[in-house]
Amino acid sequence: MKLSELFTKTSKDIPVGETAKNAQLLIRAGFIFKDSAGVYALLPLGLTVVENLKGIIRKEMNSLGAQELLMTTLQRKEIWEQTDRWDDNNVSCWFKSKLKNGAEVGMAWSHEEQITNMMRLFIASYRDLPVNVYQFQTKLRNETRARSGIIRAREFLMKDLYSYSRTEAEHQAFYDSVTAAYLRVFDQVGLGDRTFLTFASGGDFTQFSHEFQTITPSGEDTIYLHRGKKIAINEDVLDDDVLKKLELDRAELEKLLAVEVGNIFSFGGVKSAQLGCYYSDEDGKQKPVILGSYGIGVTRLMGVIAECLADGNGLVWPANVAPATVHLIFVGNDDTVIKAATDLYHQLQAANVKVLYDDRVITAGEKFADADLIGLPYRLTVSQRTIENEQFELKPRTIKDTKLVTADEVIKILATKNAN
RNA sequence: CGGGGUGUGGCGCAGUUGGUAGCGCGCCGCGUUCGGGACGCGGAGGCCAGCGGUUCAAGUCCGCUCACCCCGACCA
């Protein structure tokens, strides 16, 4: 893609009133557009990042044997009344509206009820189980106050996975496999070294749920981390009993701020029973299906990556998340330099390297600044002094030093770095 | 939902005791530049958030509404 043709442009100005670093950078770099508080549109660069994240997550979900589907945003009141979660006093984040005939509908903030209601039609026998399905769906939540940029939005993209199992043992095995898959996802998106499995409140259903918390000073949650064991406890559930159960010594825990990037939850058979989702076991007896729910906030994840990995000059994307692999620029407006850069652009494209080519005739400073702001993994510079020896200057985004390489060498280095 | 703040060209802002709106960035044209957000000259662009008052006269004073931001509560 040529930068001159890319929608949209970068900006020097920090958006006023936007205090969250993730949103400031993503807006300035042209990845997102803020429509209103907590409501952000994805522009081409941001959408590409989201699609890359979805690709990483999708691969892991499929490897668990889960199947992708897509539920609806409009949801029926009657279903949510069965679990007593329609009432605004019980769930405060509902957006609600009415059909022309007066019937009330809700906008999806979660899909546990809706999807379990649907499952009643497809689960009759133990032979129909287990079933694991997931989706990438927009969630709408009427937060009383949006904040933290795209980390806490009113409208956001979530990957939600639901597991339907026969027994607690079958459920637990799947639950554990999801835990491992989630850790692999956070590893792949560059947050592995700072994201930890965290014990959190299990609500009415189990003692614990598990969160995946990414450590960052701008975090909203407080966790207590045991670095050696790589597990943490959410402040909300920390007490002596919990410490004993998890065999942790309070003195060995670090108190840290973190953002929840994933959450996994066991519902047992309670919700299934409320919604009438039963199956017949081998002995012919009706039993409620064991339900698990597993979420990753995809757009939030983009925000957390931006927030955690950025430096003073702009965004920093891991190679398999970045909207392209290399940011190609030329310095000076000499025809031979421009031709050399354009030739290299075509060579990179032919070699399947994802390249963003800054073909604008502007000052070098602007190009360097934009390259740093957008944050692709590599910057490739063409100038009079590099082409003298038919070489180009290659610089990783996070490393200060540059090195001169030939076109063949560039392609060799970059061809393996593409996002999935 | 409590407390505080802000709404003026696309963006960021200034606007004095009320007298008919200006600056920077960006944008358009021409020229000079070209390794870290260059410079000169010439342009375009505004019902001053909305509604209603006071006044000969309102961006400015008063009232209401809306939107946005910050702190807190909430985040199933």
Side-chain angles (χ1 to χ4, degrees), chain A residues 3 8-20 23-24 27-30 33-40 80 83-94 106 109-113 139-149 151-154 156 158 200-206 209 211 218-222 234-236 259-260 263 265 267 270-271 293 295 297 300 312-314 327 329-338 341 358 360-374 379-388 392-393 395 397 400 402 404:
Chain A
L3 199 46
T8 176
K9 293 189 288 191
T10 58
S11 167
K12 266 187 290 196
D13 299 322
I14 295 169
V16 71
E18 184 66 82
T19 54
Q24 284 183 351
I27 290 169
R28 282 188 54 213
F33 166 75
K34 183 177 185 175
D35 193 84
S36 63
V39 182
Y40 297 85
W80 288 88
T83 55
D84 204 20
R85 295 214 289 177
W86 176 259
D87 195 318
D88 290 336
N89 295 317
N90 297 339
V91 173
S92 60
C93 68
W94 271 117
W109 61 274
S110 172
H111 286 81
E112 284 143 6
E113 270 74 355
K139 305 289 191 251
L140 299 167
R141 296 189 183 181
N142 201 346
E143 302 281 354
T144 48
R145 186 179 153 215
R147 74 182 100 177
S148 305
I151 288 175
R152 185 175 197 77
R154 293 199 166 97
F156 60 95
M158 187 181 210
S201 167
D204 301 332
F205 305 102
T206 53
S209 69
E211 297 170 341
S218 57
E220 299 180 329
D221 296 343
T222 302
N234 192 305
E235 185 178 45
D236 298 342
V259 175
E260 180 192 323
N263 179 273
F265 210 96
F267 284 100
V270 179
K271 192 178 288 292
S293 171
R300 168 179 282 199
N313 293 324
H327 194 116
I329 68 178
F330 58 80
V331 170
N333 64 350
D334 189 276
D335 284 346
T336 57
V337 173
I338 294 176
D358 192 345
R360 301 170 300 173
V361 180
I362 55 174
T363 60
E366 284 181 88
K367 290 191 174 183
F368 289 134
D370 273 350
D372 286 344
L373 178 60
I374 290 170
R379 187 185 78 196
L380 191 53
T381 306
V382 181
S383 73
Q384 197 66 55
R385 86 183 180 220
T386 70
I387 59 174
E388 275 169 18
F392 309 100
E393 180 189 279
K395 175 189 172 302
R397 172 63 177 80
K400 219 172 186 163
T402 61
L404 288 170

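A note on names: the letters A, B, ... follow the listed sequences, proteins ahead of strands, and every chain is numbered from 1.
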Legend entry - Any donor-acceptor pair under 3.5 Å from A/Lys367 side chain to A/Phe330 backbone: yes

Inset, instruction - Ignoring hydrogens and angles, state whether a donor on the side chain of A/Asp370 or A/Thr10 is under 3.5 Å from an acceptor on the partner side chain. - result: yes

Legend entry - Expected output: side-chain A/Asn90 to main-chain A/Asp84 donor-acceptor under 3.5 Å: yes

Inset, instruction - Return the value, rounded to whole Å, for the distance between atom CD1 of A/Ile329 and atom C1' of B/G36. - result: 9 Å

Legend entry - Ion pair A/Arg85/A/Glu112, N-O distance below 4.0 Å: yes

Inset, instruction - Could you check how far CG of A/Asp358 sits from P of B/G35, rounded to whole Å? - result: 15 Å

Inset, instruction - Compute whether any side-chain donor of one residue and acceptor of the other, for A/His111 and A/Lys139, lie under 3.5 angstrom apart. - result: yes

Inset, instruction - Could you give the distance separating B/G10 and B/C27 at their C1' atoms, to the nearest angstrom? - result: 8 Å

Inset, instruction - Answer yes or no: is there a donor N or O on one side and an acceptor on the other, between the side chain of A/Arg300 and the main chain of A/Glu260, under 3.5 Å? - result: yes

Legend entry - B/C13 and B/A21, which share atom name C1', separated by this distance in whole Å: 14 Å

Inset, instruction - Could you work out the separation of B/U60 and B/U54 based on their C1' atoms and round it to a whole Å? - result: 13 Å

Inset, instruction - Give A/Ile14 one of three labels, base, sugar-phosphate or nothing, depending on what nucleic acid heavy atoms sit under 4.0 Å from its own. - result: nothing

Inset, instruction - Measure the distance from CG on A/Asp372 to P on B/G35 and round it to the nearest whole Å. - result: 16 Å

Legend entry - Rounded distance (Å) that lies between atom P of B/G36 and atom CZ of A/Arg379: 10 Å

Legend entry - A/Ile362 CD1 to B/G36 P, straight-line distance once rounded to whole Å: 13 Å

Legend entry - Euclidean distance for P, B/C61 against B/G5 (whole angstrom): 15 Å

Could you go through nucleotides 69-72 of chain B and list every protein N or O atom that sits under 3.5 Å from one of its N or O atoms, giving the distance for each pair?
unit_1	atom_1	unit_2	atom_2	d
B/C69	OP1	A/Lys34	NZ	2.8
B/C69	O3'	A/Gly17	O	2.7
B/C70	OP1	A/Thr19	OG1	2.8
B/C71	OP2	A/Arg145	NH2	2.3
B/G72	N7	A/Arg145	NH1	3.2

Inset, instruction - Please name all residues satisfying side chain to side chain donor-acceptor pair (under 3.5 Å) with A/Asp35, sequence neighbours left out, ordered by chain then number. - result: none

Inset, instruction - For A/Glu393, answer base if it contacts any base atom (sugar-phosphate contacts may also be present), sugar-phosphate if it contacts only those atoms, and nothing otherwise; contact means non-hydrogen atoms under 4.0 Å. - result: base

Inset, instruction - Sticking with atom P, work out how far B/C51 lies from B/U8, rounded to a whole angstrom. - result: 15 Å

Legend entry - Under 3.5 Å donor-acceptor pair, A/Arg28 side-chain atoms to B/G12 base atoms: no

Inset, instruction - Evaluate the side-chain proximity of A/Glu220 to A/Arg147: yes if any heavy-atom separation is below 4.5 Å, no if none is. - result: yes

Legend entry - Rounded interatomic separation in angstrom, taking CD from A/Glu388 and P from B/G35: 14 Å

Inset, instruction - Look at all strands and tell whether A/Arg360 reaches a base, only sugar-phosphate, or nothing, counting heavy atoms closer than 4.0 Å. - result: nothing

Legend entry - Results of side chain to side chain donor-acceptor pair (under 3.5 Å) for A/Glu143 - residues two or more places apart only: A/Arg152

Legend entry - Euclidean distance for P, B/C41 against B/G4 (whole angstrom): 48 Å

Legend entry - Parallel, tilted or perpendicular: rings of A/Trp80 and A/Trp94 (30°, 60°): perpendicular

Inset, instruction - Would you mind classifying the nucleic acid contact of A/Ala369 as base, sugar-phosphate or nothing, using non-hydrogen atoms under 4.0 angstrom? - result: base

Legend entry - Distance between P atoms of B/C47 and B/U32 (Å, rounded): 37 Å

Legend entry - Reported CZ-to-CG distance for the pair A/Arg379 and A/Asp358, which is rounded to 0.5 angstrom: 11.5 Å

Inset, instruction - State whether the distance check finds a donor on one side and an acceptor on the other, under 3.5 Å, for side chain A/Asp370 versus base B/G37. - result: yes

Inset, instruction - State the syn/anti category of B/C47 according to its glycosidic angle, syn meaning within 90° of 0. - result: syn

Inset, instruction - Would you confirm whether A/Ser209, through its side chain, and A/Ser201, through its main-chain N or O, come within 3.5 Å as a donor-acceptor pair? - result: yes

Legend entry - CG (A/Leu404) with more than 12 external heavy atoms under 6.0 Å: yes

Inset, instruction - Rounded off to whole Å, could you give me the CG-to-C1' distance for the A/Asp88 and B/C74 pair? - result: 14 Å

Is there any protein nitrogen or oxygen under 3.5 Å from a nitrogen or oxygen in nucleotides 38-45 of chain B, and what are the pairs?
unit_1	atom_1	unit_2	atom_2	d
B/A38	OP2	A/Thr363	OG1	3.1

Legend entry - Spacing of A/Leu373 atom CG relative to B/G36 atom P, expressed in whole Å: 18 Å

Inset, instruction - Looking only at side-chain atoms of A/Thr386, point me to the closest of B/A76, B/G36, B/G35. - result: B/G35

Legend entry - Earlier contact from the 5' end, RNA chain B, for A/Val91 and A/Ser383: A/Ser383

Inset, instruction - Would you please enumerate the stems RNA chain B participates in, each stem being three or more consecutive Watson-Crick or G-U wobble pairs with both distances under 3.5 Å? - result: B:1-7 with B:66-72, B:10-13 with B:22-25, B:27-32 with B:38-43, B:49-53 with B:61-65

Legend entry - Rounded distance in Å between the P positions of B/G50 and B/G59: 11 Å

Inset, instruction - Identify, with sequence neighbours excluded, every residue that meets ring pair (Phe, Tyr, Trp, His ring centres under 6.0 Å) alongside A/Phe392. - result: none

Inset, instruction - Would you classify A/Trp109 as touching base, sugar-phosphate or nothing, given that sugar-phosphate means primed atoms plus P, OP1 and OP2, and contacts are heavy atoms under 4.0 Å? - result: base

